[in-house]
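Below is one structure; the comments refer to it alone.
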Amino acid sequence: MKIEIINVGTELLLGEIVNTNATEIQKVCRELGFSIFYQTVVGDNPERFKECLETAFLRGADMVITTGGLGPTADDLTKELSAEYLGLKMEFREEEAKKVFDKCSFLMGSDQIPKTNYKQAYYPQGAYILENDVGTANGCVMSNGQKRIANLPGPPKEMRYVLNHALLPYLEHYREDKIYTYNINTMMIGESDMAQKLKDIVDNQKEVSIALYASEDHCRVRLAVKAKSQTEADRYVASAKHIIEERLKEYIVKEESLNEALFAIMPPYYIDYKDDFRLPETLRLGKHYSHSKTAMRLEISKSKHRLGDIISVTIHYGDITEAFEVAALKDAALSYARIESRIVANLYRFLKKNTRSKRS
């Protein structure tokens, strides 16, 4: 099933709140094996919202999931506009009106509730109600022909509840094969070299999708496959995964991150700063920080360049000395993440290289 998400709310476009709803929906759809190719944020504008619906279905969506615009105020029109787009009439449901009254009177501590709240008791003909036990506005699923729209509330707490307790059980009937992914992290090999080593596997991939990703400090091979279960997915990727691991075995990092990998092999160390530049105190490169004579000494200094700062790092370990530089635009203090990742990567390379040379 192809899903498209439309998050409604001018406050999202203005950056007043973070759009966490889309991420929650994407996780559920992935678990169900659904495909999501587009996600849109639109303000509280009727015409633009209907344009988004039209675009989504023209792009081949089987279902559009919306968030926001289900409340009692005049600008909460997502449900009404969705029905209008599908050519469905709105109808007043007595049972939904009772739910609205019970919830509102309970929350307000009074049985005299504003009549505007009953706007939440109108639903498109034939709509399936998505119960919202943590808010007053229930969601719904409506359809006409091959087009289906699910309306979820906007507040993250309510959206998450309705998504997991009401929409997810509804969508279980349409569950497809889930996408399972496997990551192989590597160090000390560039993306082009890795692509050459794996070219025949990547070119001939069928059931298993293989993609290469490069970051500042490492490269990653991602294998993805659609399967009904983890066991089935493991069986599909077994052959390709084994070949890739054999070809890249000297470069593979078993840990989840390069920081973890360095931490596991880092000897006692200390940092000797030569000027006012400092790395964040939260950065821990290894288990033991020590000024002993046998500890690794990292000499770190900063120099100016017309485009920014250059951080120079010299590694002193036993009788071996090695140096490298990290360039940072504008100000090094604005690029801590880049500097940290380069330091971690170079230290890892240094230790792996010198451990190998000592063995040979």
Side-chain angles (χ1 to χ4, degrees), residues 1-9 12 21-22 24-26 28-97 99-100 118-132 135-154 158-159 161-176:
M1 180 181 287
K2 294 178 183 177
I3 304 290
E4 188 153 335
I5 303 169
I6 301 177
N7 301 114
V8 182
L12 294 169
N21 286 344
E24 297 281 348
I25 296 171
Q26 288 158 6
V28 166
C29 288
R30 173 178 172 173
E31 181 65 30
L32 292 167
F34 299 161
S35 298
I36 297 181
F37 299 124
Y38 301 95
Q39 180 258 319
T40 304
V41 177
V42 64
D44 299 304
N45 181 284
E47 293 308 313
R48 284 194 282 271
F49 173 69
K50 286 192 288 186
E51 286 174 9
C52 288
L53 287 174
E54 178 68 9
T55 300
F57 286 114
L58 285 174
R59 285 196 286 229
D62 298 304
M63 172 184 274
V64 174
I65 300 177
T66 73
T67 67
L70 301 185
T73 60
D75 62 344
D76 288 317
L77 294 172
T78 300
K79 186 170 47 178
E80 291 82 352
L81 293 171
S82 297
E84 182 182 321
Y85 173 80
L86 292 178
L88 302 173
K89 292 183 179 180
M90 298 292 289
E91 59 182 13
F92 183 78
R93 297 194 182 185
E94 291 289 348
E95 68 273 22
E96 293 302 312
K99 293 175 188 175
V100 170
Y118 289 110
K119 178 176 177 291
Q120 298 168 109
Y122 284 87
Y123 287 88
Q125 289 176 320
Y128 175 83
I129 303 300
L130 300 173
E131 296 291 343
N132 178 7
T136 60
N138 283 342
C140 69
V141 180
M142 63 188 83
S143 63
N144 190 354
Q146 299 301 308
K147 296 177 180 178
R148 183 179 280 108
I149 301 174
N151 297 147
L152 299 176
E158 296 182 30
M159 194 287 307
Y161 182 90
V162 177
L163 173 67
N164 288 291
H165 292 82
L167 183 58
L168 177 55
Y170 174 89
L171 293 175
E172 279 286 355
H173 301 291
Y174 304 93
R175 178 182 282 275
E176 299 175 6

For [X] against [Y], the heavy-atom pair lying closest together:
X      : Y      : result
Gly154 : Met159 : O-CB, 4.4 Å
Tyr123 : Gly139 : CE2-O, 3.9 Å
Leu130 : Asn151 : CD1-O, 3.9 Å
Leu88  : Gln125 : CD1-O, 4.3 Å
Pro46  : Leu77  : CG-CD1, 4.2 Å
Ile6   : Cys52  : CD1-CB, 3.7 Å

Check residues 143-150 and write down every donor-acceptor pair under 3.5 Å in which the side-chain atom is one partner and the other belongs to a residue at least two apart or another chain.
{"from": "Asn144", "atom 1": "ND2", "to": "Leu86", "atom 2": "O", "distance (Å)": "2.5"}
{"from": "Lys147", "atom 1": "NZ", "to": "Tyr85", "atom 2": "OH", "distance (Å)": "3.3"}
{"from": "Arg148", "atom 1": "NE", "to": "Tyr170", "atom 2": "OH", "distance (Å)": "3.2"}
{"from": "Arg148", "atom 1": "NH2", "to": "Tyr174", "atom 2": "OH", "distance (Å)": "3.4"}

Next item on the list: With sequence neighbours excluded, give me every salt bridge (charged side-chain N to carboxylate O under 4.0 Å, His left out) pair touching residues 38-49.
Entry: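 Output for this query lists Glu47-Lys50.
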Next item on the list: Can you run down the salt bridge (charged side-chain N to carboxylate O under 4.0 Å, His left out) pairs that involve residues 65-80, sequence neighbours left out, and say none if there aren't any?
Entry: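 Output for this query lists Glu80-Lys119.
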For residues 28-41, tabulate all N or O donor-acceptor pairs below 3.5 Å that involve a side-chain atom, not counting sequence neighbours.
{"from": "Arg30", "atom 1": "NH2", "to": "Thr181", "atom 2": "OG1", "distance (Å)": "3.2"}
{"from": "Glu31", "atom 1": "OE1", "to": "Lys178", "atom 2": "NZ", "distance (Å)": "3.0"}
{"from": "Gln39", "atom 1": "NE2", "to": "Asn7", "atom 2": "OD1", "distance (Å)": "2.8"}

When rounded to the nearest 0.5 angstrom, what distance separates [atom1] in [X] from [atom2] in [Y]?
X      : Y      : atom1 : atom2 : result
Leu70  : Leu152 : CG    : CG    : 7.5 Å
Glu96  : Asn138 : CD    : CG    : 5.0 Å
Leu168 : Ile25  : CG    : CD1   : 12.0 Å

Notebook entry, point to check: Quick one: do Lys2 and Glu4 make a salt bridge, cutoff under 4.0 Å?
Noted result: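 Judged by the 4.0 Å cut-off on N to carboxylate O distance, Lys2 and Glu4 do not form a salt bridge.
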Checklist line | Residues that Phe92 engages under ring pair (Phe, Tyr, Trp, His ring centres under 6.0 Å), provided they are two or more places apart | finding: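 Scan of Phe92 (ring pair (Phe, Tyr, Trp, His ring centres under 6.0 Å), adjacent residues dropped) gives Tyr122.
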Notebook entry, point to check: Between Asn132 (side chain) and Ala137 (backbone), is there a donor-acceptor pair under 3.5 Å?
Noted result: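 Here the side-chain-to-backbone pair exists.
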Next item on the list: Identify, with sequence neighbours excluded, every residue that meets salt bridge (Lys or Arg N to Asp or Glu O under 4.0 Å) alongside Glu131.
Entry: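 Checked Glu131 against salt bridge (Lys or Arg N to Asp or Glu O under 4.0 Å); matches are Lys99.
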Note to self: Is there a side-chain contact (heavy atoms from CB on, under 4.5 Å) between Leu167 and Ile65? Walk through the geometry before answering.
What the structure shows: CA-CA 10 Å; Leu167 183 58; Ile65 300 177; 4.1 Å; yes
Notebook entry, point to check: Taking side chain as C-beta onward, heavy atoms only, is Pro124 less than 4.5 Å from Lys89?
Noted result: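 A side-chain contact is absent here, since even the closest heavy-atom pair is not under 4.5 Å.
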Notebook entry, point to check: Is any side-chain heavy atom of Leu53 less than 4.5 Å from a side-chain heavy atom of Leu81?
Noted result: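 Answer no - side chains too far apart.
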Note to self: Assess the residue pair Arg93 and Ile129 against the criterion (side-chain contact (heavy atoms from CB on, under 4.5 Å)); give the C-alpha distance rounded to whole Å, side-chain angles, the decisive distance to 0.1 Å, and a yes or no.
What the structure shows: CA-CA 11 Å; Arg93 297 194 182 185; Ile129 303 300; 3.5 Å; yes
